[in-house]
Amino acid sequence: MRTAGRMVAEVLQLLSEKIKPGVSTLELDRLAESQCEKFGAKPAFKGYGGFPYSICASPNEKVVHGFPNEEPLQEGDILSIDFGVLKDGFYGDAAVTLPVGNISNGAGSLLKFTRESLMKAIEACQVNSRLGDVSSAVQSYVEPAGYSVVREFVGHGIGSKLHEAPQIPNFGKSGSGPRLKAGMVLAIEPMINAGGPGVTILSDGWTAVTKDGQLSAHFEHTVALTENGPEILTRLD
Ligand code: MG
C-alpha cells in the first residue's frame with residue numbers, strides 16, 4: 001500500500017505542475033493514465049462502477065466525480081482532482097484541490113481550511129481513538145469558520161478493495177463509533193462547501209455539484225494507522 005500510495009502522490013504532483021489557464025482536464029486525465037502505464041499500475045477509478053476516466057476532475061462548484069473534458073481551465077478556477085491506483089493487488093487513493101493561476105481570497109481560504117481539516121482528521125487517527133474523533137475533527141474545524149460539510153459522500157477503508165468498511169463521514173461526535181486499531185488503512189476525504197452543504201447530481205449520473213452553485217473543495221489522503229501514529233501513504237517526502 002505504500003507503493004500504491006506513493007504512485008498516487010507522484011501522479012498528483014505531476015498533474016499539479018501542469019495546471020494553468022488553457023490546459024484541459026482531459027489532458028490531465030491522459031497524463032495520469034500514461035504515468036500509470038509507466039508505473040505498471042492500473043488507474044483505480046477507470047471502469048469502477050462504470051466511471052469512464054482515470055481522474056475525477058471537479059472544478060469550482062463541482063464537488064466530486066466530475067468528468068474530465070476539453071474545456072480549458074480559466075484563471076481563477078479551483079480544480080479538485082481525485083485519483084487512485086491499483087498496484088500489486090492494493091489500492092491508493094488521494095485528492096487535492098488546486099488553484100488555476102491567481103484565485104480569489106475567498107477561494108484560497110476555502111482551500112486552506114479544507115486542507116487543514118484533513119490534517120486535523122489525520123492527527124485524530126490514533127490507535128484506540130474512535131472513528132467519531134476523526135469525523136468530528138473535520139466538522140469542528142470548518143463549521144466555526146462558516147463552511148459546511150458535504151453529507152452525501154464520505155471517506156472509507158481501503159486495501160485490496162478501493163472502498164472498504166468503515167465509512168468515514170466528515171461530521172459526527174467525538175468519542176463515538178468503532179475504535180481504531182493498528183493496521184487499519186483509511187482514505188479520509190473532507191469535501192467542504194463555501195456555501196450550504198447541499199449537493200445535487202448532474203444528468204451524467206456522476207458529477208456532484210453544490211446546490212447553491214458556490215465553490216467546493218476536496219482533499220484526501222490514504223492513511224495507515226500504526227502504533228507510532230498515523231502514516232500518510234499518499235504524500236511525497
Ligand atoms: Mg476515496
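Just the heavy atoms: all of them, side chains too, but no hydrogens, waters or symmetry mates, feed the values below. We count ligands from 1, going down the list as the structure has it; atoms in each ligand are counted the same way.
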Problem set entry | Atom name, Glu220 (N, O or S, nearest to the Mg ion (ligand 1)) | OE2

Exercise. Mind checking whether Phe153 and His218 have ring centres under 6.0 Å apart?
Worked result: no

For this session: Check whether any N, O or S atom of Glu189, backbone or side chain, sits closer than 2.8 Å to the Mg ion (ligand 1).
Result: yes

Problem set entry | Approximate separation, where rounding is to 0.5 Å, of Met7 CE and Leu233 CG | 13.5 Å

Exercise. Any sub-3.5 Å donor-acceptor pair from Asp29's side-chain atoms to Ile55's backbone N or O?
Worked result: yes

Problem set entry | the Mg ion (ligand 1) - closest N/O/S atom in Asp93 | OD2

Exercise. Using a distance-only test with no angle check, is there a side-chain donor-acceptor pair under 3.5 angstrom linking Thr97 and Ser80?
Worked result: yes

Exercise. Within His156, is some N, O or S atom less than 2.8 Å away from the Mg ion (ligand 1)?
Worked result: yes

